[in-house]
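The structure presented is a predicted model; accordingly, all values stated were derived computationally and were not measured. Whatever order the structure lists them in is the order used to number ligands and atoms, beginning at 1.
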Amino acid sequence: MTYKNTEEFSLQLDENDELKHYRNEFSIPLQKNGEEHVYLCGNSLGLQAKRTKSFINQELEDWATFGVEGHFHAKNPWMPYHEFLTESYSKIVGSKQSEVVAMNTLTVNLHLMMVSFYRPTKNRYKIIIEADAFPSDIYAVESQIKYHGYSVNHSLIKLTPRDGESSIRTEDIAEIIDREGNEIALIMLGGVNYYTGQVFDFETITKLGKYKGIVVGFDLAHAAGNIKLELHNWGVDFAVWCSYKYLNSGPGSVAGAFVHEKHHNSDLPRFAGWWGHNKENRFKMPDEFNAIKSAEGWQLSNPPILSLAAIRASLSIFDEVGMDKLVAKSKKLTDYLLFLLNIIETDRIEIITPEERGCQISIRVKNGNKELFDKITEKGVIADWREPDVIRVAPVPLYNSFSDVFNFYNILKEVI
Ligand SMILES: *Cc1c(COP(=O)(O)O)cnc(C)c1O
């Protein structure tokens, strides 16, 4: 398609967008002057779906009406409530229903998964991660290494791009796996890197890892609800994600985890809690833990229903739209954004997101000059700044429009 940098053209693209009505399903934050913000920050906190209120209110009402009996008599009984999210989650990450569960928060799940899946031995103890992984992930893997009594320096392999490049080449990962594979216990990557927006080649990396007997896990914080995933078919061992970024479930909402079915009957050690115990006799309060033979077996506590209600509200929209349509629109939005960014005549910005991407575009600002970001913020854009020098913008296909993208371009061009 030939794009044009005119408002009229962007409105035309909106007119032809079959998902355009979904924008009305969300509350778009307003500026002081009453106009809508250009909200491009769904990679950090997704917007609130208007239907969220009624989903949460239902549970508040049932709590008021039934008290503890709501576990069985609420319209959506709380006892199995997390199961109401299972099918939608499985579609989002590409798995069997038995392989996913909504529980805890992201970093907690990462630790729980590593308790089971990072089992270092004298000969095999290393972990591979991106050097610029989200800090929480680095803290988590480093603390696991130390917890097992190994040295971070000798055990953590941090992937970096080649000099002068911004993203990590699959061939470089392959080379490390080939060279050090027998010493590597775990590959743990952000499926979509939070900083550059690079999507890793899940399938190839998993295959290479499995061939060397390495456990392969992904943090899908920036992937779930953003790109098409096939965790089961790719043979990924485990994955974790949060639900408040692309999955629009509200700040700090409950996260998710995937455990491949090949591990459901294993005797992997785990940190156990009563909610992971066999449902048939959980309430007989037996002393001996008997894990549910699915991802649910990794649950610890009974989950926060109000948070799960917000996720359900959001996932009901994903169910209506489906990942295929979302990804198709996402690609058009980012293509348009890149077209516009590329015609701004300047050497002050550089796009560092590679072609393998979801909807996030990372713009590196020359000399880390944050003034540029502050000025576009003043003019109504909500994006985010990541030290040392990157503005991340994510046109999200569910609620962002082509005119949002155009308006962003216009403001950025003006400021530059
Ligand atoms: C957002 C994000 C987190 C945040 O962790 P919480 O436990 O949800 O606070 C962790 N890791 C990555 C890769 C993220 O993008």
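- At the shortest separation from atom 5 (O) of ligand 1 among protein heavy atoms lies Thr107 OG1, 3.3 Å.
- Aromatic ring orientation, Phe202 versus Phe218: tilted (interplanar angle from 30° to 60°).
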| task | Please report the C-alpha distance between Phe258 and Phe238 in whole Å, then the side-chain angles of each, then the deciding distance to 0.1 Å, and finally whether the ring pair (Phe, Tyr, Trp, His ring centres under 6.0 Å) criterion is met. | result | CA-CA 5 Å; Phe258 161 92; Phe238 73 86; 8.9 Å; no
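- Ligand 1 has at least one atom lying under 4.0 Å from a heavy atom of Asp137.
- Close N/O approach between His222 and ligand 1 is found [any backbone or side-chain N/O within under 3.5 Å].
- Because its NZ or CZ atom is both nearer than 6.0 Å to the ring centre of Phe134 and within 45° of the ring axis, Lys245 counts as a cation-pi partner of that residue.
- Polar contact with ligand 1: present for Lys245 (N/O pair, distance under 3.5 Å).
- Taking the six-membered ring for Trp, Tyr89 and Trp241 have ring centres closer than 6.0 Å.
- Every atom of ligand 1 with a heavy atom of Tyr244 under 4.0 Å away is listed here by number and element: 1 (C), 4 (C), 5 (O), 6 (P), 8 (O), 9 (O).
- Counting heavy atoms closer than 4.0 Å to ligand 1, residue Asp219 contributes side-chain atoms (C-beta onward) but none from N, CA, C or O.
- In this structure, Phe66 has its ring center no closer than 6.0 Å to that of His71.
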